[in-house]
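What follows is a short report on a single structure.
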Amino acid sequence: MEIDVPIEIAESEYDTDMSDVDYDEKIRSKEKALEEVEIYLVKLQDRKKQLITECNKLKDEKALRLSKKLSKQNWDTETFSWSKELHATLKNVFKLPSFRPQQLQCCNAIMSKHDVLLIAPTGGGKSLCYQLPAVVNPGLTVVVSPLLSLMEDQVWSLKNLGIEAEVLCSTTDRIQSNAILKMLSDNSDTSIMKLLYVTPERMAKSKRFLTALQKSYFSKKLNLIAIDEVHCCSQWGHDFRPDYKFLGALKQMFPEVPILGVTATATSKVIVDVQKMLNIRNCLILKAPFNRPNLYYHVMEKPSEKVEVYNLISDLLKGRFAGKSGIIYTFSIKDAEDLAGELVTRDIQARPYHANLSADRRTLVHKKWLKGLIQVVVATVAFGMGIDKPDVRFVIHHTMSKSMENFYQESGRAGRDGKRAECILLYRFIDMAKITTMMFSERTGLQNAYAMADYCIDASRCRREIISKYFSEVWNDSKCNKMCDRCYHVDCVKIPKIEISNHIFDLYAIIESAEAIDVKLTGTKLIDAWYKKGPMNLRCSQVEVPSIDRYWAEQIVAFMILEKYLKEDFHFTAYNTISYIRKGPNVPKMENDVLFHGARVLKLPERDIAWANGEVAETDSNKTPRSASQAEKRRRTKGAGSSSKKAKPSEAQPSGSSYQITPTTVGSSGASSSKSSKHKNCRNEVTASCSTPTSTKSPKSDSGVLNASRRLLERENIIKSNKMAKPRTSPSRDVIYVPEEENVIEITDDDD
Ligand SMILES: Nc1ncnc2c1ncn2[C@@H]1O[C@H](COP(=O)(O)OP(=O)(O)OP(=O)(O)O)[C@@H](O)[C@H]1O
């Protein structure tokens, strides 16, 4: 291809004999040549893209091969040159008797200078995987962690064990910060610091810090870079943080330093993304079993009336969980405030915790909860990373989480001491719309929300199986050991499958007739119209009122959305986003049944068995059943459970009486295999009885709680003495105002 180089033409060189036509011809020929160049460039660009893709693919394949090869190596041995020292340090310095799953493998791989991604459950002991090699190996380990309080906690614990560790963050004073930077730049071998904790922001934005770190690297003092909550690197993850993006440069800057990324939650997609992002495609991937065998998973019907939700939760706290410590996660700050306020009026030691509270207030609530002075923290996701209370006996989700990752982490804060704890999720269809309208604009927001809804309404599978599948782990039901509501009841409660094609066509008819008059239907309006409630013009004459109970109808609508028979259509208004329901891309085929495994309302396990299993001592007083249960009375007066039949006495007052939701027979009456048959009321009954919270003792504090609260108090003292803490602006008496004027929760510092 001929490419003409443009030449400056002097005025004198103009060819005066050239006619306009000659010019046009020449211009045309040049333009043609230019077009050819353009085409050629596009072809070259395409070729370049293709070569880049092929090259990356080869790199990925090579990395995957290396990664697989690494995973085949036996890391679970004590035959390495450092094995004796590793074990001795575990016992003598960390005072731990043995390794937990994947800890030894991880330490060995890091000490062999390999990059590692470790995925292990919350409370699984991931920190030890970098702390132990940091102590055994010479040199410095830099730990990147997103949360200041978590870093401070860890540094405090390490110092307590006699290990030199520091935090470098925005609150570190200048003298301290200069000393740390000097130590990093100093190429003599005198430094004794083993671990340095920094935030991702510091890594991304402080040139001074990076220069000092490079000096440390060139003098061979940088031993390991550990990245906590490494899933924050991935845009596919549930918690992407832009500052984590910079961490991708670390491998190029410090190629000889192994990188360890740790997280409790990462899907296969997130793992691959993190590998690419951090440039550690050939790393060893270690996955500890996600299963937390001591956690009992249970989904409950969330009553439609707010007051009934308050009753349900307060009955649980005063009965089943009397004297036990826990967390309730809510969807919003307002929910946290409202619920905590309600519980306080019912004499429950509950406090809200969310981002709108001052840092002092949050620390105070956290501290009191650690000491057992507060039974339950009613929190938004702000009560998150770094919560390390060993004896959390329950986590209740007032609203479903926005993703399975969030749910797994939040519920995983229960039972860190290895004893039985319960994770109860209150589900209602309307909550799904709350989450989807908030999340639909995020890249994987809807997908995440639907996976969470699937966990709530899929009655056919073990809850653990659903979690494990989500995290791509192979699962075998027997491993659940009856520690979820489905497996606990699988032998004694028959859960029918019902055929729902008729329902789907009924709903299509309602949607179409609304669309014909230009009306869009929200989920609630759609179900109202189905039950011949709400505006007359939305009721469809050809559609009969379904014979199933409304809670079940809601499940079916949710199921149809998850299975794409219906779809959510999101619309913005000036104030919020609304989810309208429309026909989805899937349409049931007339010849095929669409089976729905009805969501159930199952009782919690008998407390006597459950708590004996959890080795939780029960006093006689908290075993006493509340006669003619107050909850029952309240329900009657508030008109709750309107659809319930009268419960059998044995169901109304089960032994070990705690809040119980008892299934009645759901057998064949609810199951229909024929499209034309009408479904009878499949609703299970809700009955309740509560034990009297006669014990007014504050929750039993065990040494774990005391240690943790002491740690917090002492940590605060360290911070104060280091002049790192801001002066308290609030008076010694803190007051939280909850919505109703008369509900003033008071927390006084005197209690400390
Ligand atoms: N091998 C072990 N034996 C006994 N206890 C251990 C062992 N390893 C760690 N632990 C303890 O387990 C608790 C949880 O450890 P750690 O904080 O490292 O968990 P984690 O996996 O980082 O959890 P999270 O994801 O919630 O941060 C700590 O109290 C720690 O001392």
Side-chain angles (χ1 to χ4, degrees), residues 76 78 86-108 116-136 141 143-161 163 165 195 197 226-232 237-239 260-266 286-292 294-295 327 366 370 381 383-392 395 405-419 421 423 471 702-712:
D76 192 15
E78 306 231 8
L86 201 67
H87 218 104
T89 313
L90 177 77
K91 280 194 172 155
N92 304 332
V93 179
F94 288 90
K95 321 269 185 246
L96 294 171
S98 56
F99 286 107
R100 281 186 178 164
Q102 304 296 4
Q103 284 182 330
L104 177 61
Q105 290 92 319
C106 189
C107 292
N108 282 336
V116 180
L117 274 185
L118 170 67
I119 301 108
T122 29
K126 295 183 282 294
S127 322
L128 188 84
C129 296
Y130 49 84
Q131 290 171 348
L132 184 53
V135 175
V136 174
T141 290
V143 184
V144 184
S145 175
L147 202 72
L148 196 58
S149 62
L150 187 65
M151 295 197 277
E152 285 169 352
D153 267 351
Q154 289 209 3
V155 166
W156 191 90
S157 305
L158 287 167
K159 282 187 170 168
N160 243 8
L161 296 171
I163 301 163
L195 292 116
Y197 285 76
I227 303 170
D228 201 5
E229 310 290 349
V230 77
H231 61 271
C232 297
H238 60 291
D239 213 1
L260 165 66
V262 300
T263 175
T265 46
L286 292 173
K287 274 189 179 184
F290 86 95
N291 187 19
R292 301 272 311 273
N294 59 320
L295 298 189
I327 307 171
H366 187 182
L370 286 173
V381 288
F383 197 58
M385 291 172 196
I387 303 298
D388 190 16
K389 190 174 194 290
D391 62 341
V392 175
V395 170
E405 284 95 334
N406 280 72
F407 175 71
Y408 181 67
Q409 279 197 335
E410 288 153 11
S411 56
R413 291 186 183 115
R416 284 166 82 96
D417 55 7
K419 293 183 185 166
C423 309
F471 292 114
D702 68 22
S703 59
V705 181
L706 285 177
N707 281 344
S709 57
R710 200 174 303 137
R711 229 172 56 196
L712 255 170

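We're numbering straight along the sequence, starting at 1. One-based numbering, in listed order, for ligands and for the atoms of each.
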Rounded to the nearest 0.5 Å, how far apart are CZ of R416 and NZ of K389? 12.0 Å

Counting heavy atoms only, which of Q103, R100, K95, Q154 is nearest atom 12 (O) of ligand 1? R100

Any nitrogen or oxygen of G125, side chain or backbone, less than 3.5 Å from one on ligand 1? yes

A120 near ligand 1 by a heavy-atom separation under 4.0 Å: no

For ligand 1, is any non-hydrogen atom under 4.0 Å from S98's backbone (N, CA, C, O), its side chain (CB onward), both, or neither? backbone

Atoms of ligand 1 under 4.0 Å from any heavy atom of P121, numbered from 1 in the order shown, are 21 (O)

pair F471-I119: side-chain heavy atoms closer than 4.5 Å: no

For ligand 1, which atoms sit closer than 4.0 Å to a heavy atom of R416? 14 (C), 17 (O), 19 (O), 23 (O), 26 (O)

Quick one: does D228's side chain get under 4.5 Å of L147's, heavy atoms only? no

Do the non-hydrogen side-chain atoms of H87 and E78 ever get within less than 4.5 Å of each other? yes

Report yes if the side chains of Q131 and I163 come closer than 4.5 Å at any heavy-atom pair, otherwise no. no

Within the 4.0 Å heavy-atom cut-off, what R413 brings close to ligand 1 is neither

Considering E229, Q409, K126 one by one, which has a heavy atom nearer to atom 20 (P) of ligand 1 than any of the others? K126

Tell me the contacting part of P390 for ligand 1: side chain, backbone, both, or neither, using a 4.0 Å heavy-atom threshold, strictly below. neither

With a 4.5 Å limit on heavy-atom distance, are the side chains of M151 and V143 in contact? no

So, do V116 and Q105 sit near enough that their side-chain heavy atoms are less than 4.5 Å apart? no

Is the shortest N/O to N/O distance between L90 and ligand 1 below 3.5 Å? no

Counting heavy atoms only, which part of T122 comes closer than 4.0 Å to ligand 1: side chain, backbone, both or neither? both

